Protein chains: 2
Amino acid sequence: MDEHGTCGHHDHAHGDHAHGHGHGPVRTADLVARAERLAQDLGLQFTALRRRTLEVVAEEGRPLGAYDIAERLSAPGKRVAAVSVYRALDFLTEHGLVHRIASRNAFVPCEHGHGAGESAVFLICRSCGSVDETISAEIERSLDRTLAQAGFKPASRIVEIEGECGACQGRGEASRTEPC
Amino acid sequence: MDEHGTCGHHDHAHGDHAHGHGHGPVRTADLVARAERLAQDLGLQFTALRRRTLEVVAEEGRPLGAYDIAERLSAPGKRVAAVSVYRALDFLTEHGLVHRIASRNAFVPCEHGHGAGESAVFLICRSCGSVDETISAEIERSLDRTLAQAGFKPASRIVEIEGECGACQGRGEASRTEPC
DNA sequence: GTCCGGCCTGTTACAGTGTAACGACCGGGC
DNA sequence: GCCCGGTCGTTACACTGTAACAGGCCGGAC
């Protein structure tokens, strides 16, 4: 559907710091380590499927759909169904290891080890397809104030901004779909 | 999928407009009038399909999916395909007459005649399914500041808060799915 | 040991979401 | 007249997401 750029194709084998892309230095290993610690602490099962799902998402430099993930997890003899991926993603999102980008129906690794209360702002670049996750206490405060005033008790927050990232503004704007 | 109550249609006439918009029934007639004026001014075609689509969305008190709309627009002999509804919705969203709720894949009427620059905050109640649209200059400012700092040039903004609306907090929490 | 129950995964089936492509119709402008 | 642009009907298709059921695995109770 939205084959935005072949941003994350560089297969840089490994060893070099897995800065997947533009500015998302989510290191897969760090994220996996965090997951393992979390599972340990809470008595949860960080299964192979969940781990591989997390790795796939972390290694891509842009949001991945569930079916894309399923495809990447599948091998000639061994097909992974999307429904299994959804279940793994449920687990991962529930525990803050990946985030769902509602406006794209796609998933990105969590770039912060944010506390439960904090909510992120996602900056989605239309040119290169990258997603940057930031946190702003100021925005949180404004939101809290507005919500309180409206008598609304928030449970989850979605803040997604689409536009053009700094890197893409530099290069010729419409230099389409190129990796950052 | 989500048959959340038949919420809309409360004329809570009196004045506790805490946040300047009275989350009441968007007057369908007003919205249609606005559309007609807009089409007139810009030389656009406010066709029957677009008008009926707008009316259906405006008359419902909660977000409607494209297929729901198609169903409501269809009559025994005359079926309206979802794809036509999508095209009408494209037109309506493009011109700020309806909004898309990304987290629900559904549409609500615009409750403000907001200027192009302004972006809305949507308060989505998990209990009754209603959606309240508010605008906060403070939030806009915080966002702008964060975006500028990140060197990100925004094109569109999505802010959606899920939780429990004031009315539903009063009544027994889990009295789910009841009209407000 | 066996049995049981919970959790995870595989599988099938299905409903909902969204777009692409083609053709017809209708309104001007020329 | 003819063309051109925009709208709409139709078909087809791909993607998104959930429900339901079955099998496996593991740990605890007995």
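Quick caveat, the model's predicted, so the values are computed rather than measured. Values reported hereafter were calculated over all heavy atoms of this structure, with side chains retained and with hydrogens, waters and symmetry mates removed. Proteins come first, then strands; the chains are lettered A, B, ... in the order of their sequence lines, and each starts at number 1.
Distances from the side chain of B/Ala81 to the nucleotides C/dT11, D/dT10, C/dT9 place D/dT10 closest. With distances taken from any side-chain atom of A/Tyr86 to the nucleotides D/dC8, D/dT18, C/dT19, the minimum falls on D/dT18.
Taking 4.0 Å as the cut-off between side-chain N and carboxylate O, A/Asp144 and A/Arg157 count as a salt-bridged pair.
Within the nucleic acid shown, B/Val83 comes within 4.0 Å of at least one base atom, counting heavy atoms only. Nucleic acid contact class of A/Arg87 (heavy atoms, under 4.0 Å, all strands): base.
Contact annotation: B/Tyr67 does not reach the phosphate of C/dG16 (side-chain N/O to OP1 or OP2, under 4.0 Å). The side chain of B/Ser84 contributes an N or O atom lying less than 4.0 Å from OP1 or OP2 of D/dG9. Close to D/dG17, at under 4.0 Å from its OP1 or OP2, lies a side-chain N or O of A/Arg100. For A/Asn105 and D/dG17, the shortest distance from a side-chain N or O to OP1 or OP2 is below 4.0 Å.
Here the side chains of B/Pro154 and A/Ile161 are in contact, with some heavy-atom distance below 4.5 Å.
The distance between atom CG of B/Asp90 and atom P of D/dG6, rounded to the nearest whole Å, is 15 Å. Whole-Å rounding puts the B/Phe91 CZ to D/dC8 C1' distance at 14 Å. Taking atom CD of A/Gln45 as the reference point, atom P of D/dC25 lies 13 Å away to the nearest angstrom. At whole-Å resolution of the value, CZ in B/Arg104 and P in C/dG18 are 14 Å apart. As a whole-Å value, the separation of B/Leu44 CG from C/dG27 C1' is 15 Å. Separating the CZ atom of B/Phe46 from the P atom of D/dC8 is a distance of 11 Å, rounded to the nearest angstrom. As rounded to whole Å, 10 Å separates atom P of C/dT9 from atom CG of A/Leu92. Rounded to an integer number of Å, the gap from A/Leu64 CG to D/dG17 P is 13 Å.
Counted by atom type alone, A/Glu133 and A/His112 present zero donor-acceptor pairs between their side chains at under 3.5 Å. At a cut-off of 3.5 Å, with distance as the only test, no side-chain donor of A/Glu55 or A/Thr28 sits close to an acceptor on the other residue.
Mapped onto DNA chain C by nearest heavy atom, A/Thr47 and B/Ala106 fall at different nucleotides, with A/Thr47 at the one closer to the 5' end.
No more than 12 heavy atoms of other residues, nucleotides or ligands lie within 6.0 Å of CD in B/Glu71, so this atom counts as exposed by the packing criterion.
For the helix from C/dG1-D/dC30 to C/dC26-D/dG5, the rotation axes defined at the first and last 5 base pairs enclose an angle of 10°, given to the nearest 10°.
With a 6.0 Å cutoff to the six-membered ring centre and a 45° limit on the axis angle, B/Arg50 counts as a cation-pi contact of B/Phe91.
Among all heavy-atom pairs drawn from A/Phe107 and A/Val57, the shortest one is O-CG1, 3.9 Å.
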